[in-house]
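One structure is given here, and the rest of the page talks about it.
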Amino acid sequence: MSGRHGSSAPTVLSAEAPAFSCSSLVHVYRVAGTDVAALRGVDLVVQPGQRVALLGPSGSGKSTLLTIVAGIVRPSAGRAEIFGTDLSRASARSLHELRRSTLGLMLQGASTNLLLHETATGNILWALRGSPRGSAAVGREVLEAGGLSIDARPVGAMSPSEQQVVALAVAMAGLPRLLLADEPTSQLDDVARDRLLDVMVDVAAAQGTAILLVTHDETVAGRMQRMIHLRDGRVGEEETETGRYAVVGADGSIQLPEALRAAWPAGSLVSVESSGPDELRIRSADSAREPRSGLPGGSS
């Protein structure tokens, strides 16, 4: 079988390539006969072993980006790669192999990641069947941090917060090279959240696992090395230990900080000028315009 998605060639991962990279990534879906752009040209690189949080308001494209990285949704345009494998062109078989051997997935709705009739430990052992790598001990470490190490109940009888712990244990037990997690601690109290974060960070550091997670929790985001703020389907800002910065897109554009958007709404005219080495000055057109002789406000 040939074509855009039909190649049956085995997946070959590059040891030197980024864990994930995308350029000019666009995704459009239809709602009630109308096209909606969830992603509008995202550029992002996550290196092996990096921990990256995706933040932003609902509808900013965070979860859509994660499903594309997981190979569940094909992007509408642009390029997305996992360790050098092009997600747009990979066959369904190759994407399945990526999810089995390279990715750890914890998507929205913890119960959708689990076998509800099995115990927590049973879910971990099932996930590791035939896996080329993995550690039941790591899964049990996550369960222990969540207070479920000896719980014999079926997962379907557990609370949403307990199911969340099990879903994270399953995702991490495979020792993935890239862990994808959508709101991994949203159902947990602060104490349980912090215990789980400690295990996640420690295991990722020991295994060289990259993490890409979606969260609204600044505490969770703060445990990552980079915080990417999405807005209107694009990367607006990035925050690291050195500060928070606007991000220049592939087309040379930058998004205004949130605090300035009300004063400078879409369509506002601004002047952009160099004000020195490595510095730009952005002013509204009204403040930048000099009065001219003979015109209102000018000298006669």
Where is the tightest heavy-atom contact between Ala17 and Pro48, given as atom of each residue plus distance? O-CG, 3.6 Å

More than 12 heavy atoms from other groups under 6.0 Å of CH2 on Trp126: no

Contact check, side chains of Leu269 and Ser284, non-hydrogen atoms, under 4.5 Å: no

Decide, yes or no, whether a salt bridge links Asp198 with Arg223 under the criterion of side-chain N to carboxylate O below 4.0 Å. yes

Is there a donor-acceptor contact under 3.5 Å from the side chain of Arg51 to the main chain of Gln225? no

Determine, stepwise, if the pair Leu143 / Val166 fulfils side-chain contact (heavy atoms from CB on, under 4.5 Å). CA-CA 7 Å; Leu143 293 180; Val166 179; 4.1 Å; yes

Taking side-chain contact (heavy atoms from CB on, under 4.5 Å) as the criterion, tell me which of Thr64, Leu65, Val36 meets it with His27. Thr64

Minimum heavy-atom distance Pro154-Leu116, with the two atoms named: CB-O, 3.6 Å

Does any N or O in the side chain of Ser88 come within less than 3.5 Å of the main-chain N or O of Arg79, such that one atom is a donor and the other an acceptor? no

Whether Thr185 side chain and Leu188 backbone form a donor-acceptor pair below 3.5 Å: no

Taking all non-hydrogen atoms of both residues into account, name the closest pair between Ser63 and Asp182 and its distance. OG-OD2, 2.8 Å

Heavy atoms of Asp43 and Ser24 approach each other most closely as OD1-N, 2.8 Å

Matching residue for Arg226 among Glu241, Glu239, Glu238 - test: side-chain hydrogen bond (donor to acceptor under 3.5 Å, both in side chains): Glu238

Does anything in residues 101-123 pair up under salt bridge (charged side-chain N to carboxylate O under 4.0 Å, His left out), and if so which pairs, sequence neighbours excluded? none

Between Ser253 and Gly249, is there a donor-acceptor pair closer than 3.5 Å when you use the side chain of the first and the backbone of the second? no

Among Gln108, Gln164, His216, exactly one meets side-chain hydrogen bond (donor to acceptor under 3.5 Å, both in side chains) together with Ser186. Which residue is that? Gln164

Tell me the closest heavy-atom pair linking Gln163 and Val155, and the distance in Å. NE2-O, 3.0 Å

